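Below is one structure; the comments refer to it alone.
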There are 4 protein chains.
Amino acid sequence: MPVRAAVAGASGYAGGEVLRLLLGHPEVEIGAVTAHGNAGQRLGVVQPHLVPLAGRELVATTAEALAGHDVIFLALPHGQSAAVAEALGPEALVVDCGADFRLADAAAWEQFYGSPHAGTWPYGLPELPGAREALRGARRIAVPGCYPTAVSLALFPAYAAGLAEPEAVVVAASGASGAGKAPKPHLLGSEVMGSMSPYGVGGVHRHTPEMAQNLGAVAGEPVTVSFTPTLAPMSRGILATCSAKARPGVDAADVRAAYEKALGDEPFVRLLPEGQWPSTAAVYGSNIALVQVALDTAAGRIVVVSAIDNLTKGTAGGAVQSMNIALGLDEATGLSTIGVAP
Amino acid sequence: MPVRAAVAGASGYAGGEVLRLLLGHPEVEIGAVTAHGNAGQRLGVVQPHLVPLAGRELVATTAEALAGHDVIFLALPHGQSAAVAEALGPEALVVDCGADFRLADAAAWEQFYGSPHAGTWPYGLPELPGAREALRGARRIAVPGCYPTAVSLALFPAYAAGLAEPEAVVVAASGASGAGKAPKPHLLGSEVMGSMSPYGVGGVHRHTPEMAQNLGAVAGEPVTVSFTPTLAPMSRGILATCSAKARPGVDAADVRAAYEKALGDEPFVRLLPEGQWPSTAAVYGSNIALVQVALDTAAGRIVVVSAIDNLTKGTAGGAVQSMNIALGLDEATGLSTIGVAP
Amino acid sequence: MPVRAAVAGASGYAGGEVLRLLLGHPEVEIGAVTAHGNAGQRLGVVQPHLVPLAGRELVATTAEALAGHDVIFLALPHGQSAAVAEALGPEALVVDCGADFRLADAAAWEQFYGSPHAGTWPYGLPELPGAREALRGARRIAVPGCYPTAVSLALFPAYAAGLAEPEAVVVAASGASGAGKAPKPHLLGSEVMGSMSPYGVGGVHRHTPEMAQNLGAVAGEPVTVSFTPTLAPMSRGILATCSAKARPGVDAADVRAAYEKALGDEPFVRLLPEGQWPSTAAVYGSNIALVQVALDTAAGRIVVVSAIDNLTKGTAGGAVQSMNIALGLDEATGLSTIGVAP
Amino acid sequence: MPVRAAVAGASGYAGGEVLRLLLGHPEVEIGAVTAHGNAGQRLGVVQPHLVPLAGRELVATTAEALAGHDVIFLALPHGQSAAVAEALGPEALVVDCGADFRLADAAAWEQFYGSPHAGTWPYGLPELPGAREALRGARRIAVPGCYPTAVSLALFPAYAAGLAEPEAVVVAASGASGAGKAPKPHLLGSEVMGSMSPYGVGGVHRHTPEMAQNLGAVAGEPVTVSFTPTLAPMSRGILATCSAKARPGVDAADVRAAYEKALGDEPFVRLLPEGQWPSTAAVYGSNIALVQVALDTAAGRIVVVSAIDNLTKGTAGGAVQSMNIALGLDEATGLSTIGVAP
C-alpha cells in the first residue's frame, strides 16, 4: 500500500521540488496539493515542469485538505507550520520545510525570528551524529535550512574529530531560488543576472544560530559562526566556503582521515578525490553534497567547500531522505546522486 | 538479462547525457565508456555529476572496446561513425548521435557536410509519421539533430494536415551545450553570458536539409526552410519559433484540431493548453517537447513554438526512446517528462 | 548655458538609463528626478550604479516638479504621458519614452493599447527616411519602442530599395530589462536564468503595428509583420532576426548595396563586414545598432540580424540622440558607440 | 599634445578594456595595438564592441611596434613583461597589467610563480597609504591583481586603524573574464553558467602573497590571508567578502569611523551608507569600488564586502588611474564612477 503524501505550499519552489521528487518515489502516491494565492489554479500553469501533474488542481491549504494522508510536507512561510501541524493529529508524519521547529534554543529563535518559539522537532540532517536514530519512527521532522545543510556537512567532520577551533567563518553563495517565488524587485532577473551581492551580513542571517547549534553539538562546546550569504546569478545551488583555525599540531593527513571517516559511508555526501573541488553544476537536481577539504598551512586554517542543490539536498531531497528514515524505508528510495549537467 | 550498453564519446556533452539517462534505465547495464583525448581518465573527473560512475575509467574508442555489447551509442564527431559501426557487426544495435546517417539525399549531405555520403539509417524521431514502424527491430538508428527535433515536432502537424504553405521560417535559440565541449573562444563563458548571437545564417547551417527532409516527407512536396540558429546564454535548451503561411481558408480551429490530432497521444510531446507557451526551463533535463501554436490572422501565418532540452529530447533522450522501440521495450522506459525547475 | 533636463520615472530601468547617459552629456545639467512609489528615496538606493547622483532625492512626479526645465524625459507607464505633457507648455522639449504618441493610426492604437488615441508626435528614429527633418526643432518627440528600433533598422533598407515582399517575419530575443522593474513572478531571476520563452505570440504584441507603420512608410505599401518576441536570460540587449521574401531577380550584390547605401553614413548603425554577425554583447551599454544581412537563395529570403542594447539605442540613447537633433546639437553628443564587453 | 599610448596584448580581455577606457580619455591618442596569435586581424573581429577601432590592424608584439609611444600598456601573460619593458627604454611610461613586478618579496614570487623574480615596480593602487607619492612621476607601474585590489581596499582601513587581528579570511567571487580569453574546457559557457566553483583553495592562489604584502605594510606587522577564490556565473565583477577578528574593545563606531577616514575622500572608492551593501552589478564597467563594513559582535569579527569590476578598477581602470598620476594629469581623467546597470 503506497504512502499517501500531501504537499502544502505546492506552488512555491520548495513545494514544487518536493513534488518533483515524490513523482519519482516508488512508494509514494501524491494526494492533495495545496496553495494559498494560487488555489484554484491547475498545477500545470504554476509548475509547468511537472508534466504528469499538469491537470491537478491546487486546493486551499486547510487542515481538511491535508487530513487523511500518511505524510504531509509543509512548504509554508515561516510561522505558519505550528497551527497546521497541530490540526493534523499525532499519527501523520509531518515534515516541515520551514524554520519553525529547527532551533532548540528558544532565545535564539526569538532573537532571530522575532516570534515565540513553537518547539523543537527531530532534525532532518541524517548525516549528523545521532540524527538517524532520532528520525527513525519520528512523526514530526524539522527539515534543516539550506545553508545549514551545506555548512554543517562541510564542517561537522572537523569538529567531530576535534581538529578545529570553535570559531568558524563561512561565506556561501546561493542561487536565487533560495529566496523563494514571491516577487521582489531585487530578485528580478535583470537585477540578479551578472551580479553577486551579499545580504544579511554581520551575523544577522537567520540560519546562523542553526549552524552554531549543529556544530556546537558535534564539538561539545559553543561554536561561533561568522556567516555571510551571497546571492549568485544562478537559479539553484549553494557553494559554501567554510574555514576554521586548525588546532595546534593538526596536519593534512589528520584532516583527510577525519573527513573520510565521517563522510566515507554516507550515501548522499561525497568527499571528492584529493585535488578535485565541488561545483554547484555537478549537483544540479541531485540529492548529493560534494565536499572537499584542504589545510592552508600558511594561514593555519582548515578550508572546506561544499556544494549542494539548495532545493534538493538543501530542502526537498533532505525532506524525503528523512521521511524515508522515519517510515522505515531504505534511506535512498526515490533519491538520486546524479546531477543534470552541463 | 539486462541490455548491455556501451557509450563511445563518453566525455562529451552528448555522451554524458546518454550515460545520465542510462543510469536511470531499469533494463540497461552500462558497459564500456570510451573517449579519445580523455582516455585513461576517471569519469568522475570529466563528468562529475555522474556520481555513481565516478570511479569508471574511460578507455580508448576502439572496435574492441565496443564489441560485446547489445547497444552501442556513438557520440562522436561527425564523420567518425561509419568506420566504427562497420566494425561492430550487424547484430548489435548501433545508435548514432552524430549526423552521418541522417540524410537520405546524398547531394544534400555532400553540399552541407563536404564529405562522401555514408548512407541512411532509420531515423530516430518516433513522432514522425511512419517512424516508429521503421524503428521496430532496427539495428541501426540515426538520432536526429537537436534543431531538427524541435522544428519537426513543431511543424509536422501543420504539414500533415495540409494547412501550411511549403515555405517555413525558423529562428531557434540554443543553449551553449549544443556547440559541444571542445573549447573555442566564442564559447567561453565570458562571451556567452549576457549575449545572444546568430550563426550559420542564410541557409548554411547543416541542420537545414534535415528539417526540409522531414517536413517535405510529411507534406508530400518539397518544403524550404529559412533557418537561423542563435546562441543563447544558457547551458541547455532549444526554443524554436517556427512559422509558415496558412493555406487559404485555414482558421484557428483547424490549426488547433490538427495539432491535437497529431500530438495528442504522444508520450513525449505536450501540446500546451491554449494561452500557455513553452519555455526551455520547463523541459530542463526532461525528454518532453512542449509545443504551442497560434494563428496570426493579420500576417496570415501559423506560428508554432516548441521547447526541448537539446541534450535530452534533442539528443540522448531521443536516442534512448528510439532504442526502446528498436528493442521492443516500452517506449518510455527510463525516460522522464519531468523537468528540473526553476 | 547648459540644457536643463528633468527625468520623470527615474527609478525605473528606462529612466535610470536616461540619467546614465545624461551624466555623460557635456551640454546637459540634470534637474529634477521624479518617481511615483519611490518618491522620497535617495537615488543611490534605487539606482546604485549612478554614483554621482547617489545623494539626489527622488521627488513625486508632478507638473510643478517638472516645470522650468528645457527638456523633460518621460519614462512613465503607458497612458500617463499625455496628461503630464499637456501641463508642461509648448516651449519645453518633451521626450516621451512611452508608447502614447508613437502610432499615427488611431485604430491600431486602440486595438493594441485599448485606450483612446492621444495623438502622434515626431518619431525619434533619426535613421528612417525623413525622420531627422521632422525632429529638427521639434518640441515633442515619441521615442520608438525597443523592438521597433531593432527591427526597423534591420529591414528598412530592404524596403527602401524595393528588394523585399511586404510580408516580414521577425523573431526577436530581449533581455529582461525590457519588461521593466515592476516585480512579477515570471520575471524573477530563478525563472529567467537558463530559460528562453516566447510571449505575445501570434500578432498580439503592441510593438507590431509600430513596425508595420515604419516599414510600410518606407515601402510605400502596407507591410505585414509576423512578430514573435522572446525573453532571453540576460539583462540587456535585443537580437532581432528578420526576414522577408526577396523580390524576383534580387541577388546578393543588390542586397549588400542597398544596405551599404542606407546605413553606410549612419553614426549609430554599423553594417558589419561580410561574414561577421552581430551579438548583443558587443552593444552592451552602447548606442549603436550592429546589422548584418544575407540572402538565403535556397529559401529565397533576405535575412537580416540586428543587435541593440534595448535600454540604450532601444530607449534612452535613442531619446538623447533625438533630443540632440531637436536642440540643434551634434547628433552624437554624449553618446557612445563603444560597448562594455565581455 | 596628446599622450600617445600603445597596448600590447590588445586582443585579450585586459587589453580590450584598456582600449575601451583610452577611447574615452581626452588626453590620450591610441597608437599601436599589438597581439600574438591574433596579429594581422582587424580589431573589429576580435573586439567587436570597440567600434571606433574596428578597422585597426593588430600588429605583432615587438619592441619596434611599441617604441615611440609615451605610454605602453602591457597586457601580456605572466613572465613576458620584463623582456619587453627592458627594450623600451627608461623614458617611456610602462604600465604592466601582469604580475611580474608586483611583489617585493623575491621568495614569495618564486614560491607562487615558479620563476626568477624580475623586480619590483611602484604599485598601482593609489588608495593605499603612500602609493600616490610613489606613483607621481613614475616610469614603471605594476598594476595590482584584480583580487588584491578588491581585498586591499576592503581591509586596509581596518589595519590602518589597528582594529583587526592580523589573520584575514577572504572568500571572493569573480566573473569568468578574470580567467582570460584563452579557451579551456572549464571556462566554457556551458560549464560556467549556473555554477559556482572554487579554485586555488588552501592558500595556493598567486594573489595571496600580494594581499598579504599590501595588508602587512599597512598593519606594520605580517598579516596572513586565508584566500579562497570562486568562479561565478557572470562575465565581470568581483565580490570580496573579507573578515578578521576585531581587536579587543573595538566597537561599531570605531569601525565606521576608520572606514570613513580612510575612504571618505577617495574618488574611486565609495563607502556605502549604512545598511546598503555593494553588488557587482552596480560597478559594471565603472572604475569604482563599493565598500561596506559591519561588526559581527557575536562572532567578534569585522566583516567587509567590496565590489569592483575586475577588468576596470581591477585592471585597466586602475592602470589608467595610475597612469594619470604618473603623468601629472588629474587622477580621474577618462575614468567613470558610473556603472552600466541593470
Side-chain angles (χ1 to χ4, degrees), chain B residues 167-175 186 188-199 201-204 208-209 212 224-228 230-239 241 243 245 277-282 284 292-301 303-305 307 341-342, chain C residues 167-175 186 188-199 201-204 208-209 212 224-228 230-239 241 243 245 277-282 284 292-301 303-305 307 341-342:
Chain B
E167 300 179 325
V169 176
V170 174
V171 179
S174 173
H186 75 285
L188 284 173
S190 299
E191 303 292 319
V192 172
M193 289 184 284
S195 192
M196 292 287 306
S197 58
Y199 62 101
V201 190
V204 302
T208 310
T224 63
V225 181
S226 163
F227 173 52
T228 308
T230 64
L231 180 61
M234 57 191 190
S235 292
R236 288 177 172 236
I238 287 177
L239 189 85
T241 302
S243 69
K245 284 196 82 161
W277 289 86
S279 73
T280 64
Y284 199 97
Q292 184 58 288
V293 62
L295 180 64
D296 178 341
T297 50
R301 296 185 76 88
V303 184
V304 199
V305 181
Chain C
E167 300 178 325
V169 176
V170 174
V171 179
S174 173
H186 75 285
L188 283 173
S190 298
E191 304 291 319
V192 171
M193 290 184 282
S195 193
M196 293 286 306
S197 58
Y199 62 101
V201 189
V204 303
T208 310
T224 63
V225 181
S226 164
F227 173 52
T228 307
T230 65
L231 180 61
M234 56 191 192
S235 292
R236 288 176 172 236
I238 287 178
L239 188 85
T241 303
S243 68
K245 284 194 83 161
W277 290 86
S279 73
T280 64
Y284 199 96
Q292 184 57 290
V293 63
L295 180 65
D296 179 342
T297 50
R301 297 184 76 88
V303 185
V304 198
V305 182

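Since the structure is predicted, the reported quantities are computational estimates derived from the model, not experimental observations. Every chain is numbered from 1 and lettered A, B, ... according to where its sequence line falls, protein lines coming before strand lines.
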Next on the checklist: Using heavy-atom distances under 4.5 Å, tell me whether C:Ser195 contacts chain B through its side chain, its backbone, both, or neither.
Outcome noted: both
Checklist entry - Salt bridge between C:Lys245 and B:Glu167, side-chain N to carboxylate O under 4.0 Å? => result yes
Checklist entry - So which of B:Ala341, B:Gly202, B:Ala299 has the largest heavy-atom pair count under 4.5 angstrom toward chain C? => result B:Gly202
Checklist entry - Side chain, backbone, both or neither: which part of C:Thr230 has a non-hydrogen atom closer than 4.5 Å to chain B? => result side chain
Item to check | Interface moiety of C:Ala281 toward chain B, non-hydrogen atoms closer than 4.5 Å | outcome: both
Item to check | Selection from C:Gly300, C:Pro278, C:Ser243, C:Ala168 maximising heavy-atom pairs under 4.5 Å formed with chain B | outcome: C:Pro278
Checklist entry - Looking at C:Tyr199 and C:Leu231, what are the two nearest heavy atoms and their distance? => result CE2-N, 3.9 Å
Item to check | Where C:Val305 and C:Trp277 come nearest, the two heavy atoms and their spacing | outcome: CG2-CZ3, 3.7 Å
Item to check | Residues which pass side-chain hydrogen bond (donor to acceptor under 3.5 Å, both in side chains) with C:Ser235, listed by chain and number, not counting sequence neighbours | outcome: none
Item to check | Contact leader toward chain B among C:Thr224, C:Val303, C:Leu239, where contacts are heavy-atom pairs under 4.5 Å | outcome: C:Leu239
Next on the checklist: Is there a side-chain contact between B:Met234 and B:Thr280 in this structure, where contact means two heavy atoms from C-beta onward sitting under 4.5 Å apart?
Outcome noted: yes
Checklist outcome for this item: When the 4.5 angstrom heavy-atom criterion is applied to B:Val225 and chain C, the contacting part is backbone
Checklist entry - Given a strict heavy-atom distance threshold of 4.5 Å, which part of C:Val192 is in contact with chain B: side chain, backbone, both, or neither? => result neither
Checklist entry - What pairs with B:Thr241 under side-chain hydrogen bond (donor to acceptor under 3.5 Å, both in side chains), at least two apart in sequence or on another chain? => result none
Checklist outcome for this item: Per-residue tally against chain B (heavy atom, under 4.5 Å) across C:Ser197, C:Pro198, C:Gly194, C:Ala307 peaks at C:Pro198
Next on the checklist: Quick check for you: to the nearest 0.5 Å, what is the distance between C:His186 atom NE2 and B:Ser279 atom OG?
Outcome noted: 11.5 Å
Item to check | Between B:Ala232, B:Ser190, B:Gly175, the one whose heavy-atom pairs under 4.5 Å with chain C are most numerous | outcome: B:Ser190
Checklist entry - Relative to chain B, which of C:Ala294, C:Ala298, C:Gly203 shows the most heavy atom pairs under 4.5 Å? => result C:Gly203
Checklist outcome for this item: Scanning both residues in full, the closest heavy-atom pair of B:Arg301 with B:Val169 reads NH2-CG2, 3.4 Å
Checklist entry - Tell me, side chain or backbone of C:Ser226 under 4.5 Å from chain B's heavy atoms, or both, or neither? => result both
